[in-house]
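Read through the structure below, which is laid out as structure tokens, and then see the notes.
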Amino acid sequence: MYIYPDNLKSRATLWLWQLRDIGIIGVGLLISVFAFVQLWLLPPIVITTLYAFLTIRFDDISILDFIKYSCAFFLTKQQTYEWGYPK
């Protein structure tokens, strides 16, 4: 019996995000606050908040991953269908 998830093969997570995403969100939030205080720019805060929402992970998949897979399936990857009876 293992105490660690997925026999030490899963990525490190903290709360609902991977550690890489928490680093990106932290740096983005810091830059966003400085931009808002100095220049009264609101778009960086909105972009950082949107990224934080899209990278929330449930059962090892995020909303951003789902959107990527959906776009690949419906828009960018070619779907092939073969008609006929099996021999």
Side-chain angles (χ1 to χ4, degrees):
M1 181 172 170
Y2 295 98
I3 297 172
Y4 297 106
D6 297 333
N7 302 331
L8 294 176
K9 293 181 182 171
S10 65
R11 293 184 176 218
T13 58
L14 182 65
W15 298 305
L16 296 174
W17 294 277
Q18 290 182 350
L19 291 181
R20 177 183 61 94
D21 294 332
I22 288 180
I24 292 171
I25 292 167
V27 170
L29 190 62
L30 187 66
I31 291 171
S32 300
V33 168
F34 285 143
F36 181 72
V37 169
Q38 295 295 323
L39 304 172
W40 291 93
L41 287 176
L42 198 57
I45 293 175
V46 172
I47 291 169
T48 304
T49 306
L50 182 65
Y51 180 78
F53 175 73
L54 290 177
T55 55
I56 291 175
R57 292 204 166 265
F58 291 111
D59 294 332
D60 204 30
I61 191 163
S62 69
I63 300 168
L64 188 61
D65 291 340
F66 181 76
I67 291 172
K68 286 179 188 176
Y69 297 150
S70 298
C71 287
F73 182 78
F74 290 112
L75 300 175
T76 60
K77 302 281 180 157
Q78 181 179 359
Q79 303 295 318
T80 59
Y81 300 98
E82 293 184 14
W83 292 87
Y85 294 108
K87 293 183 179 181

Quiz prompt | Closest non-hydrogen atom pair, Phe36 against Ile45 | solution = CB-CD1, 3.8 Å

Exercise. Kindly give the cluster partners of Leu30, where membership spreads through any ILVMFWY side chain lying under 4.5 Å from a current member.
Key: Phe34

Self-check item: Remaining members of hydrophobic cluster (4.5 Å side-chain criterion), Trp15
Solution: Leu14, Leu16, Trp17, Leu19, Ile22, Ile24, Ile25, Leu50, Tyr51, Phe53, Leu54, Ile56, Phe58, Ile63, Leu64, Ile67

Quiz item: Counting only heavy atoms not in Gln79, do more than 12 fall under 6.0 Å of its CD?
Solution: yes

Quiz item: Can you pull the side-chain hydrogen bond (donor to acceptor under 3.5 Å, both in side chains) pairs that have at least one residue in residues 23-46, sequence neighbours excluded?
Solution: Ser32-Thr48

Quiz item: Say you draw a straight line from CG of Leu41 to CD1 of Ile47; how long is it, rounded to the nearest 0.5 Å?
Solution: 10.0 Å

